[in-house]
Participant: 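The structure is given below, and queries will be raised subsequently.
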Amino acid sequence: MPALTHIRQVELFAPEPMGVCDIVFCQNRILAIGHDFQLQSTGLDVHCIDGRGLIATPGLVDSLVHIIGGGGEGGFATRTPEMQLTEASLAGVTSLVGALGTDSVTRTLPALLAKAHALELEGLSTYCYTGSYQVPCKTLTGGITDDLLLLDKVIGVGEIAISDHRSSQPTLAQLRTIAASARVGGMLSGKAGIVSVHVGSGERMLQPLFDAVDGTELSLAQFYPTHLNRNLRLLQEAFRFAHQGGTIDFTCSTTAYDLAHGEIAAAEALARALHDGVPEQACTLSSDGNASLPIFNAEGALLGLEVGRVHSLLQSVRQAVHEYQVPLSQVVQAASSNPARVLGLPHKGQLRLGLDADLVLFQQGDLQLEAVFAKGRCLVEKGLPVVKGTFE
Ligand code: ZN
């Protein structure tokens, strides 16, 4: 029998606070959560970790990462690089969804799918959206429904861009068809069939989604809009969307320029949402890792591009706790169990008996990363990667 890992006396957030517990897992299964397990005399091969002074949370679930890179909006030299394994593991991210963005010509779905498989082999749990900003959607097997049914890793479609100058400007009928195709594909394949929606800074904000649902059998829950902390007006619109049953996502990667020009940090957006009475299950955080983040000077000229980082998700978790006093359980929920639920991944995002052994150990207090286990395998130990990607 493979070795058991036994974490003793760790403060558990499952993500709800569970107090001091022992956690036992073997390979990719959580076998037991309880108190004072005595496994040393059983003769089993047990790797014991002293959890005192540590916090255990579920591995973070990042619903939007440009794993093969994205960008390119400033020409060929502004295409962003691929994500490497340790960029996720050192952020406490054990599950992620890969997506295309503006460019669906030099960035392709076969390349996205191949990279998702590579990251899975390297240790993460990975999924993909079919499609991109471009509408009608390019797909792999002939349609959105087909891709959901025929490709294990495809759990939805996106990023479908609205209210953005880079968008294909989908019509109402096109938005409805995309959502309906995803819904049917999701039902038939037992997946979420979610529509990830990139929301730009355009005046219409979330109105295309309200309009798409109006007068049809579709619901707002079919759509999963992101970048909703882009400005205060959009944030207020997001709260309205959430109060009507939708889930809202805040983007953690940002630049000093954007924050100085109206963007609300994801951590602050989460704090404001909860303060506004938005249901805590309705809020999620994602990194937008490896997206391009344009930097402008005061005259609005493009100076260069920064690259979105998966690590921003972990930074936002810390910022929400330390600067905005959001309870740790609610912050972790926004980065684990909530996205897992929206993405239709019931075995992810929670630390419970029988679920996947994806967990993060943090130092109490400063929330420094101590260890990361993905599918039961240790990827990070004492804050350092013990597993690296093939080309790292
Ligand atoms: Zn986007």
Side-chain angles (χ1 to χ4, degrees), residues 61-74 78-83 93 96-109 112 127-135 137-138 155-170 175 178-179 182 194-202 204-206 208-209 223-231 234-235 237-238 241 246-255 257-259 261-266 269 283-295 305-310 312-313 316 339 342-343:
V61 178
D62 195 339
S63 63
L64 184 61
V65 187
H66 297 283
I67 54 177
I68 59 169
E73 289 98 330
T78 63
R79 297 168 78 254
T80 62
E82 281 197 6
M83 196 206 83
V93 169
L96 57 77
V97 187
L100 299 184
T102 316
D103 180 357
S104 63
V105 176
T106 76
R107 310 287 191 180
T108 66
L109 289 170
L112 184 74
Y127 310 89
C128 289
Y129 296 125
T130 188
S132 65
Y133 283 13
Q134 190 182 336
V135 174
C137 292
K138 284 185 184 175
I155 59 169
V157 57
E159 297 175 66
I160 303 299
I162 62 167
S163 304
D164 195 295
H165 60 99
R166 294 164 291 179
S167 161
S168 282
Q169 314 301 331
L175 270 181
I178 289 167
I194 198 78
V195 183
S196 163
V197 180
H198 162 106
V199 185
S201 53
R204 288 177 300 158
M205 300 192 288
L206 291 171
L209 303 187
F223 297 102
Y224 188 16
T226 186
H227 315 320
L228 301 179
N229 49 322
R230 198 183 279 286
N231 58 57
L234 182 56
L235 190 65
E237 177 98 332
F241 188 86
T247 304
I248 54 178
D249 185 65
F250 304 130
T251 298
C252 299
S253 287
T254 187
T255 64
Y257 178 90
D258 284 332
L259 291 173
H261 289 79
E263 184 167 313
I264 295 102
C283 301
T284 69
L285 302 173
S286 67
S287 73
D288 204 12
N290 293 64
S292 62
L293 307 171
I295 306 164
L305 292 161
E306 287 184 21
V307 180
R309 295 290 179 197
V310 178
S312 64
L313 183 56
S316 296
V342 176
L343 299 169

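Only this structure's heavy atoms are used, side chains among them; waters, hydrogens and symmetry mates stay out. Order of appearance sets the numbers: ligands from 1, and atoms from 1 within every ligand.
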Participant: Keeping to distances under 2.8 Å, can you name the protein N/O/S atoms close to the Zn ion (ligand 1)?
Facilitator: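 Checking every protein N, O and S atom gives E159 OE1, H198 ND1, H227 NE2.
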Participant: Should R204 and I162 be marked as a side chain to side chain contact (heavy atoms under 4.5 Å, CB included) after you check the CA-CA gap, both sets of side-chain angles, and the distance that decides it?
Facilitator: CA-CA 8 Å; R204 288 177 300 158; I162 62 167; 5.8 Å; no
Participant: With distance as the sole criterion, is a donor-acceptor pair present between the side chains of E159 and T226 under 3.5 Å?
Facilitator: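 Looking only at side-chain atoms, T226 and E159 do not form any donor-acceptor pair under 3.5 Å.
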Participant: Classify the side-chain pair D288/T251 by whether it contains a donor and acceptor separated by less than 3.5 Å.
Facilitator: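 Short answer, no.
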Participant: In terms of side-chain heavy atoms, does D62 have a donor or acceptor partner in S287 at a distance below 3.5 Å?
Facilitator: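 Short answer, yes.
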Participant: Per the side-chain contact (heavy atoms from CB on, under 4.5 Å) rule, which among T254, L235, L259 passes with I264?
Facilitator: L235
Participant: Who are the side chain to side chain contact (heavy atoms under 4.5 Å, CB included) partners of V342, not counting sequence neighbours?
Facilitator: I194, Y224, T247
